[in-house]
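For reference, the structure discussed in these notes is given below.
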Amino acid sequence: MPELPEVETIRRDLAAAILNRKIVSVSILSPKTASHSVAFFKKELIGRRLTEIDRRGKLLIFHLSPKKVKGTSKKPRAEKINCLLIHLKMTGQLIYADKKNKIAGGHSLNNSTELQELPNKHTRAIIEFDNGGQLFFNDLRKFGYLKLVSDAELEKILAANYGPEPLTPAFTLAVFQNAFKKTNVKIKAALLNQKLIAGLGNIYADEVLWAAGINPQRPTQKVTPAEFKKLFVAINQVIGLAIKHRGTTFSDYVDSRGRRGNFSKFLKVYGRTGEKCPRCHNSLKKQKIAGRGTHYCPICQK
DNA sequence: GTGTTTGTTATCAA
DNA sequence: CTTGATAACAAACA
(Lines give C-alpha, C1' and ligand atoms only; values in the text may rest on other atoms or scores of the structure.)
Protein backbone atom coordinates (compact mmCIF):
# COMPACT_ATOMS: atom_id res chain seq x y z
CA MET A 1 0.00 0.00 0.00
CA PRO A 2 2.06 2.89 -1.20
CA GLU A 3 1.41 5.97 0.91
CA LEU A 4 3.29 9.28 1.00
CA PRO A 5 6.71 7.91 2.09
CA GLU A 6 6.64 5.07 -0.43
CA VAL A 7 5.55 7.27 -3.33
CA GLU A 8 8.14 9.87 -2.35
CA THR A 9 10.86 7.20 -2.36
CA ILE A 10 9.83 6.17 -5.85
CA ARG A 11 9.71 9.79 -7.00
CA ARG A 12 13.25 10.53 -5.83
CA ASP A 13 14.75 7.38 -7.29
CA LEU A 14 12.96 7.74 -10.59
CA ALA A 15 14.02 11.36 -10.93
CA ALA A 16 17.63 10.27 -10.69
CA ALA A 17 17.10 7.53 -13.26
CA ILE A 18 14.88 8.85 -16.03
CA LEU A 19 14.80 12.64 -15.90
CA ASN A 20 15.31 14.16 -19.36
CA ARG A 21 15.47 10.80 -21.09
CA LYS A 22 13.53 10.66 -24.32
CA ILE A 23 10.61 8.24 -24.50
CA VAL A 24 11.03 5.93 -27.47
CA SER A 25 8.19 3.48 -27.00
CA VAL A 26 5.03 2.99 -24.97
CA SER A 27 3.15 -0.27 -24.39
CA ILE A 28 -0.20 -0.32 -22.65
CA LEU A 29 -0.91 -3.95 -21.84
CA SER A 30 -4.06 -3.26 -19.86
CA PRO A 31 -6.10 -0.58 -21.63
CA LYS A 32 -8.42 -0.01 -18.65
CA THR A 33 -5.38 1.16 -16.69
CA ALA A 34 -4.93 4.15 -19.02
CA SER A 35 -7.11 7.25 -19.32
CA HIS A 36 -6.95 7.38 -23.09
CA SER A 37 -6.57 4.98 -25.99
CA VAL A 38 -3.32 3.17 -26.52
CA ALA A 39 -2.86 5.13 -29.75
CA PHE A 40 -3.29 8.44 -27.93
CA PHE A 41 -0.75 7.47 -25.27
CA LYS A 42 1.79 6.59 -27.93
CA LYS A 43 1.08 9.77 -29.90
CA GLU A 44 1.43 12.00 -26.86
CA LEU A 45 4.38 10.36 -25.12
CA ILE A 46 6.77 9.09 -27.77
CA GLY A 47 9.50 11.59 -28.56
CA ARG A 48 9.01 13.65 -25.40
CA ARG A 49 11.08 13.80 -22.22
CA LEU A 50 10.17 13.80 -18.52
CA THR A 51 11.38 17.19 -17.39
CA GLU A 52 10.29 17.01 -13.77
CA ILE A 53 8.73 14.52 -11.37
CA ASP A 54 6.41 15.89 -8.68
CA ARG A 55 4.24 14.25 -6.09
CA ARG A 56 1.04 15.36 -4.44
CA GLY A 57 -0.13 13.01 -1.70
CA LYS A 58 0.08 9.59 -3.29
CA LEU A 59 -0.14 10.92 -6.84
CA LEU A 60 2.95 11.02 -9.06
CA ILE A 61 3.13 13.85 -11.57
CA PHE A 62 5.48 13.52 -14.54
CA HIS A 63 5.92 16.78 -16.44
CA LEU A 64 6.51 16.36 -20.16
CA SER A 65 8.76 18.42 -22.42
CA PRO A 66 6.91 20.54 -25.02
CA LYS A 67 5.56 18.58 -27.91
CA LYS A 68 7.23 19.28 -31.21
CA VAL A 69 4.71 20.79 -33.59
CA LYS A 70 5.11 19.96 -37.25
CA GLY A 71 5.23 22.71 -39.85
CA THR A 72 4.98 26.41 -39.17
CA SER A 73 5.05 28.05 -35.78
CA LYS A 74 1.61 27.23 -34.48
CA LYS A 75 0.52 28.73 -31.22
CA PRO A 76 0.50 26.10 -28.51
CA ARG A 77 -3.06 25.12 -27.69
CA ALA A 78 -4.25 25.74 -24.17
CA GLU A 79 -5.51 22.20 -23.73
CA LYS A 80 -2.34 20.46 -24.74
CA ILE A 81 -1.23 17.45 -22.72
CA ASN A 82 1.63 18.38 -20.41
CA CYS A 83 1.59 15.80 -17.64
CA LEU A 84 1.43 12.10 -17.08
CA LEU A 85 -0.22 11.23 -13.77
CA ILE A 86 0.35 7.84 -12.18
CA HIS A 87 -1.51 6.57 -9.14
CA LEU A 88 -0.43 3.26 -7.64
CA LYS A 89 -3.55 2.83 -5.49
CA MET A 90 -3.17 -0.42 -3.54
CA THR A 91 -0.86 -2.76 -5.37
CA GLY A 92 0.77 -0.63 -8.05
CA GLN A 93 4.51 -0.76 -8.60
CA LEU A 94 6.75 1.43 -10.74
CA ILE A 95 9.98 -0.33 -11.48
CA TYR A 96 12.79 1.02 -13.57
CA ALA A 97 15.16 -1.45 -15.14
CA ASP A 98 18.16 -0.47 -17.17
CA LYS A 99 19.29 -2.55 -20.13
CA LYS A 100 20.71 -5.45 -18.19
CA ASN A 101 18.74 -5.37 -14.96
CA LYS A 102 15.25 -6.70 -15.62
CA ILE A 103 14.31 -8.03 -12.21
CA ALA A 104 12.02 -6.97 -9.43
CA GLY A 105 10.56 -8.14 -6.16
CA GLY A 106 7.42 -10.13 -6.84
CA HIS A 107 3.98 -9.71 -5.39
CA SER A 108 3.75 -11.83 -2.30
CA LEU A 109 2.28 -11.69 1.14
CA ASN A 110 4.83 -13.87 2.83
CA ASN A 111 7.82 -11.54 2.83
CA SER A 112 9.37 -13.47 0.00
CA THR A 113 12.46 -11.84 -1.40
CA GLU A 114 12.52 -13.81 -4.60
CA LEU A 115 13.10 -11.75 -7.71
CA GLN A 116 11.34 -12.13 -10.99
CA GLU A 117 11.79 -11.17 -14.59
CA LEU A 118 10.03 -8.18 -16.07
CA PRO A 119 7.56 -7.80 -17.55
CA ASN A 120 5.47 -10.18 -15.45
CA LYS A 121 1.82 -11.14 -15.57
CA HIS A 122 0.84 -8.02 -13.59
CA THR A 123 2.66 -5.58 -15.86
CA ARG A 124 0.06 -3.11 -17.20
CA ALA A 125 2.27 -0.63 -19.05
CA ILE A 126 5.86 -0.21 -20.19
CA ILE A 127 7.62 3.03 -21.10
CA GLU A 128 10.99 2.69 -22.81
CA PHE A 129 13.68 5.36 -22.97
CA ASP A 130 16.42 6.25 -25.42
CA ASN A 131 19.11 4.69 -23.22
CA GLY A 132 17.41 1.29 -23.31
CA GLY A 133 15.95 1.66 -19.83
CA GLN A 134 12.38 0.59 -19.26
CA LEU A 135 9.79 1.72 -16.72
CA PHE A 136 7.33 -1.03 -15.78
CA PHE A 137 3.96 -0.28 -14.24
CA ASN A 138 2.78 -3.43 -12.45
CA ASP A 139 -0.54 -3.62 -10.66
CA LEU A 140 -1.98 -6.86 -9.40
CA ARG A 141 -5.43 -5.50 -8.55
CA LYS A 142 -5.75 -3.02 -11.41
CA PHE A 143 -6.89 -0.09 -9.28
CA GLY A 144 -3.96 2.08 -10.27
CA TYR A 145 -3.98 4.24 -13.38
CA LEU A 146 -2.03 6.30 -15.87
CA LYS A 147 -3.69 9.55 -16.91
CA LEU A 148 -2.67 12.23 -19.40
CA VAL A 149 -3.72 15.78 -18.53
CA SER A 150 -3.09 19.42 -19.42
CA ASP A 151 -1.67 21.87 -16.90
CA ALA A 152 -5.15 23.29 -16.38
CA GLU A 153 -6.62 19.86 -15.68
CA LEU A 154 -3.80 19.08 -13.27
CA GLU A 155 -4.43 22.26 -11.29
CA LYS A 156 -8.12 21.44 -11.11
CA ILE A 157 -7.46 17.91 -9.88
CA LEU A 158 -5.02 19.07 -7.22
CA ALA A 159 -7.23 21.87 -5.96
CA ALA A 160 -10.30 19.67 -5.76
CA ASN A 161 -8.79 16.61 -4.10
CA TYR A 162 -5.65 17.33 -2.13
CA GLY A 163 -5.20 19.05 1.21
CA PRO A 164 -1.85 20.18 2.64
CA GLU A 165 1.18 17.90 2.68
CA PRO A 166 3.03 16.92 5.85
CA LEU A 167 6.53 18.41 6.06
CA THR A 168 5.72 21.40 3.86
CA PRO A 169 5.23 25.08 4.81
CA ALA A 170 1.54 24.82 3.88
CA PHE A 171 1.05 22.26 6.63
CA THR A 172 0.89 24.28 9.84
CA LEU A 173 -0.72 23.37 13.14
CA ALA A 174 -3.38 26.05 12.58
CA VAL A 175 -4.24 24.81 9.08
CA PHE A 176 -4.35 21.22 10.29
CA GLN A 177 -6.50 21.89 13.33
CA ASN A 178 -8.93 24.18 11.50
CA ALA A 179 -9.48 21.66 8.73
CA PHE A 180 -10.13 18.83 11.17
CA LYS A 181 -12.50 20.87 13.30
CA LYS A 182 -14.74 21.52 10.31
CA THR A 183 -15.75 17.89 10.26
CA ASN A 184 -16.86 15.49 12.96
CA VAL A 185 -15.95 12.09 11.56
CA LYS A 186 -13.84 9.64 13.49
CA ILE A 187 -10.27 10.90 13.67
CA LYS A 188 -9.05 7.84 11.77
CA ALA A 189 -11.41 8.62 8.88
CA ALA A 190 -10.28 12.25 8.88
CA LEU A 191 -6.63 11.24 8.60
CA LEU A 192 -7.47 9.06 5.60
CA ASN A 193 -9.34 11.90 3.88
CA GLN A 194 -6.92 13.27 1.28
CA LYS A 195 -8.80 16.56 1.12
CA LEU A 196 -8.02 17.26 4.77
CA ILE A 197 -4.42 16.07 4.69
CA ALA A 198 -2.67 14.53 1.70
CA GLY A 199 -0.60 11.37 1.77
CA LEU A 200 -1.63 9.30 4.78
CA GLY A 201 -3.06 5.81 4.25
CA ASN A 202 -4.06 3.00 6.55
CA ILE A 203 -0.59 2.21 7.88
CA TYR A 204 0.52 5.74 8.75
CA ALA A 205 -2.90 6.80 10.04
CA ASP A 206 -2.67 4.03 12.66
CA GLU A 207 0.95 4.86 13.45
CA VAL A 208 0.44 8.59 14.02
CA LEU A 209 -2.64 8.01 16.20
CA TRP A 210 -0.63 5.65 18.37
CA ALA A 211 2.26 8.11 18.57
CA ALA A 212 -0.13 10.87 19.67
CA GLY A 213 -1.97 8.59 22.12
CA ILE A 214 -5.36 9.22 20.51
CA ASN A 215 -8.06 6.57 20.08
CA PRO A 216 -8.97 6.17 16.40
CA GLN A 217 -12.71 6.25 17.25
CA ARG A 218 -12.64 9.77 18.65
CA PRO A 219 -14.74 12.29 16.71
CA THR A 220 -12.53 15.13 15.48
CA GLN A 221 -14.47 17.73 17.46
CA LYS A 222 -13.67 15.91 20.69
CA VAL A 223 -9.94 16.15 20.06
CA THR A 224 -8.36 18.86 22.23
CA PRO A 225 -5.90 21.51 21.02
CA ALA A 226 -3.12 19.83 23.00
CA GLU A 227 -3.89 16.55 21.24
CA PHE A 228 -3.94 18.21 17.83
CA LYS A 229 -0.49 19.54 18.61
CA LYS A 230 0.72 16.05 19.51
CA LEU A 231 -0.84 14.60 16.39
CA PHE A 232 0.66 17.32 14.21
CA VAL A 233 4.12 16.61 15.58
CA ALA A 234 3.59 12.86 15.22
CA ILE A 235 2.54 13.16 11.58
CA ASN A 236 5.66 15.09 10.63
CA GLN A 237 7.94 12.83 12.67
CA VAL A 238 6.53 9.51 11.48
CA ILE A 239 6.32 10.56 7.83
CA GLY A 240 9.80 12.06 7.94
CA LEU A 241 11.31 8.96 9.49
CA ALA A 242 9.45 6.67 7.09
CA ILE A 243 10.81 8.59 4.10
CA LYS A 244 14.29 8.34 5.59
CA HIS A 245 13.90 4.56 5.74
CA ARG A 246 12.45 4.34 2.24
CA GLY A 247 8.92 3.44 3.23
CA THR A 248 7.11 0.38 4.54
CA THR A 249 6.75 -2.91 2.71
CA PHE A 250 3.82 -4.89 4.01
CA SER A 251 2.61 -6.78 0.99
CA ASP A 252 3.25 -5.47 -2.49
CA TYR A 253 5.20 -2.28 -2.17
CA VAL A 254 8.68 -2.19 -3.63
CA ASP A 255 10.72 0.78 -4.73
CA SER A 256 11.68 1.65 -8.29
CA ARG A 257 14.45 -0.94 -8.23
CA GLY A 258 12.25 -3.69 -6.82
CA ARG A 259 13.59 -3.37 -3.26
CA ARG A 260 11.55 -3.51 -0.08
CA GLY A 261 11.09 -0.55 2.28
CA ASN A 262 12.89 -0.61 5.63
CA PHE A 263 10.35 1.16 7.82
CA SER A 264 8.38 -2.04 8.59
CA LYS A 265 10.54 -2.77 11.61
CA PHE A 266 9.75 0.66 13.06
CA LEU A 267 5.99 0.14 12.99
CA LYS A 268 4.52 0.34 16.48
CA VAL A 269 0.97 -0.95 15.93
CA TYR A 270 0.23 -1.72 12.28
CA GLY A 271 0.23 -5.47 11.75
CA ARG A 272 1.07 -6.08 15.40
CA THR A 273 -2.33 -7.26 16.65
CA GLY A 274 -1.94 -9.23 19.88
CA GLU A 275 1.60 -8.02 20.49
CA LYS A 276 2.44 -5.81 23.46
CA CYS A 277 1.99 -2.08 23.15
CA PRO A 278 5.52 -0.61 23.07
CA ARG A 279 4.40 2.12 25.47
CA CYS A 280 2.14 0.51 28.08
CA HIS A 281 2.72 -3.20 27.38
CA ASN A 282 -0.96 -4.06 27.09
CA SER A 283 -2.20 -6.14 24.19
CA LEU A 284 -2.68 -4.34 20.86
CA LYS A 285 -6.13 -4.69 19.28
CA LYS A 286 -7.44 -4.64 15.76
CA GLN A 287 -10.89 -3.38 14.88
CA LYS A 288 -12.65 -2.20 11.74
CA ILE A 289 -12.96 1.58 11.92
CA ALA A 290 -13.97 3.78 9.01
CA GLY A 291 -14.13 0.58 6.97
CA ARG A 292 -10.46 -0.20 7.47
CA GLY A 293 -8.53 -2.59 9.65
CA THR A 294 -7.37 -0.37 12.49
CA HIS A 295 -4.55 -1.26 14.87
CA TYR A 296 -4.34 0.48 18.23
CA CYS A 297 -3.79 0.19 21.94
CA PRO A 298 -7.14 0.38 23.76
CA ILE A 299 -5.39 1.28 27.02
CA CYS A 300 -3.03 4.14 26.26
CA GLN A 301 -4.80 5.63 23.24
CA LYS A 302 -7.49 7.72 24.91
C1' DG B 1 -17.43 -20.63 -0.88
C1' DT B 2 -16.28 -16.95 2.83
C1' DG B 3 -13.80 -13.44 4.68
C1' DT B 4 -9.88 -10.22 4.32
C1' DT B 5 -6.65 -6.92 2.34
C1' DT B 6 -6.98 -1.01 0.91
C1' DG B 7 -7.30 4.01 -2.00
C1' DT B 8 -10.73 6.23 -3.69
C1' DT B 9 -15.31 7.09 -5.33
C1' DA B 10 -20.19 6.06 -5.67
C1' DT B 11 -24.18 5.53 -3.26
C1' DC B 12 -27.25 5.72 0.52
C1' DA B 13 -29.31 7.45 4.85
C1' DA B 14 -30.27 10.98 8.05
C1' DC C 1 -28.21 20.57 0.36
C1' DT C 2 -24.98 18.69 3.65
C1' DT C 3 -22.73 15.34 6.35
C1' DG C 4 -21.34 10.95 7.61
C1' DA C 5 -21.39 6.08 7.05
C1' DT C 6 -21.06 2.32 4.08
C1' DA C 7 -20.68 -0.35 -0.38
C1' DA C 8 -18.21 -1.13 -4.34
C1' DC C 9 -14.37 -1.90 -7.16
C1' DA C 10 -10.25 -6.10 -8.46
C1' DA C 11 -7.68 -9.97 -7.45
C1' DA C 12 -5.51 -13.20 -4.55
C1' DC C 13 -4.92 -15.78 -0.52
C1' DA C 14 -5.98 -18.38 3.97
Side-chain angles (χ1 to χ4, degrees), chain A residues 1-8 10 29-35 55-61 85-94 105-112 114 116 120-125 137-147 156-163 165-166 179-209 216-223 239 242 247-254 261 264 267 269-274 285-296:
Chain A
M1 307 138 263
E3 305 176 30
L4 192 160
E6 292 76 35
V7 179
E8 176 63 15
I10 290 172
L29 308 174
S30 173
K32 267 186 68 182
T33 294
S35 63
R55 176 191 57 74
R56 196 74 173 78
K58 304 162 193 168
L59 181 68
L60 280 167
I61 304 164
L85 308 182
I86 299 185
H87 202 302
L88 302 173
K89 288 285 180 89
M90 288 159 54
T91 57
Q93 303 175 328
L94 265 183
H107 284 281
S108 84
L109 298 171
N110 57 2
N111 282 2
S112 160
E114 70 182 281
Q116 57 180 272
N120 62 33
K121 65 175 173 177
H122 302 305
T123 300
R124 310 302 179 194
F137 177 74
N138 303 331
D139 187 19
L140 184 150
R141 291 181 208 179
K142 291 186 174 176
F143 276 20
Y145 62 81
L146 285 72
K147 186 179 174 74
K156 228 167 124 180
I157 289 169
L158 296 185
N161 299 298
Y162 293 90
E165 294 261 334
F180 272 50
K181 278 185 149 169
K182 282 188 185 129
T183 183
N184 197 29
V185 297
K186 296 180 176 78
I187 187 77
K188 162 101 183 204
L191 289 169
L192 293 174
N193 184 344
Q194 304 298 298
K195 292 171 189 174
L196 296 180
I197 176 172
L200 299 187
N202 205 34
I203 296 174
Y204 296 107
D206 284 1
E207 290 298 310
V208 300
L209 284 170
Q217 299 260 32
R218 292 267 296 284
T220 52
Q221 290 177 12
K222 289 251 168 74
V223 176
I239 294 298
T248 302
T249 294
F250 205 76
S251 55
D252 298 287
Y253 169 73
V254 290
S264 315
L267 296 176
V269 291
Y270 188 88
R272 297 195 183 281
T273 312
K285 291 283 181 289
K286 180 177 179 183
Q287 187 186 343
K288 199 158 234 176
I289 298 172
R292 292 293 170 259
T294 300
H295 312 72
Y296 68 106

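It should be emphasised that the depicted structure is a prediction, and the values quoted were computed from it without experimental measurement. Naming: A, B, ... by sequence-line order, numbering from 1 per chain.
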Within the distance-only criterion (no hydrogens, no angle test), does the side chain of A:R124 pair as donor or acceptor with the backbone N or O of A:H122 below 3.5 angstrom? yes
Flag, side chain of A:T249 to backbone of A:V254, donor-acceptor distance under 3.5 Å: no
Donor-acceptor pair, side chain of A:D206 and main chain of A:Y270, under 3.5 angstrom: no
Please give, in whole Å, the distance from B:dT4 C1' to A:Q287 CD? 16 Å
A:E3 atom CD is separated from B:dT8 atom C1', nearest whole Å, by 13 Å
Within this structure, what is the OH-to-C1' distance between A:Y270 and B:dT4, rounded to whole angstrom? 11 Å
Under the criterion side-chain hydrogen bond (donor to acceptor under 3.5 Å, both in side chains), which of A:R292, A:K188, A:E207, A:H295 is the partner of A:N202? A:K188
Between A:Q194 and B:dG7, does any side-chain N or O lie under 4.0 Å from OP1 or OP2? no
Can you check the A:I86 CD1 to B:dT8 C1' distance for me, whole Å? 18 Å
Here the distance between atom P of B:dT8 and atom CG of A:N202, to the nearest Å, is 12 Å
So, the side chain of A:E165 versus the backbone of A:G163: is there a donor-acceptor pair under 3.5 Å, distance only? no
If I take atom CG in residue A:L88 and atom P in nucleotide B:dT5, what distance separates them, rounded to the nearest angstrom? 21 Å
Take the protein atom CG of A:N193 and the nucleotide atom P of B:dG7, then report the distance between them rounded to whole Å. 13 Å
Okay, side chain of A:Q194, backbone of A:L200: is any donor-acceptor separation there less than 3.5 Å? yes
For A:K89, does the NZ atom sit with more than 12 other heavy atoms under 6.0 Å from it, leaving out its own atoms? yes
Write down the distance between CD1 (A:I197) and P (B:dG7), rounded to a whole number of angstrom. 14 Å
When you compare the side chain of A:Y204 with that of A:L191, does any pair of heavy atoms fall below 4.5 Å? no
Pick base, sugar-phosphate or nothing for A:G144, based on heavy-atom distances below 4.0 Å to the nucleic acid. nothing
Tell me whether the side-chain N/O atoms of A:K286 come closer than 4.0 Å to OP1 or OP2 in B:dT4. no
Let me have DNA chain C in dot-bracket notation, would you? Count Watson-Crick plus G-U wobble pairs, both distances under 3.5 Å, and use [ ] for pairs crossing earlier ones and | for inter-strand partners. .||||||||.||||
Just by modelled atom types, is the A:G57 backbone N or O under 3.5 Å from a matching donor or acceptor in the A:R55 side chain? yes
How would you summarise protein contacts on nucleotides 4-11 of chain C per nucleotide, using B for base, S for sugar-phosphate only and - for none, with heavy-atom distances below 4.0 Å? SS--BBBB
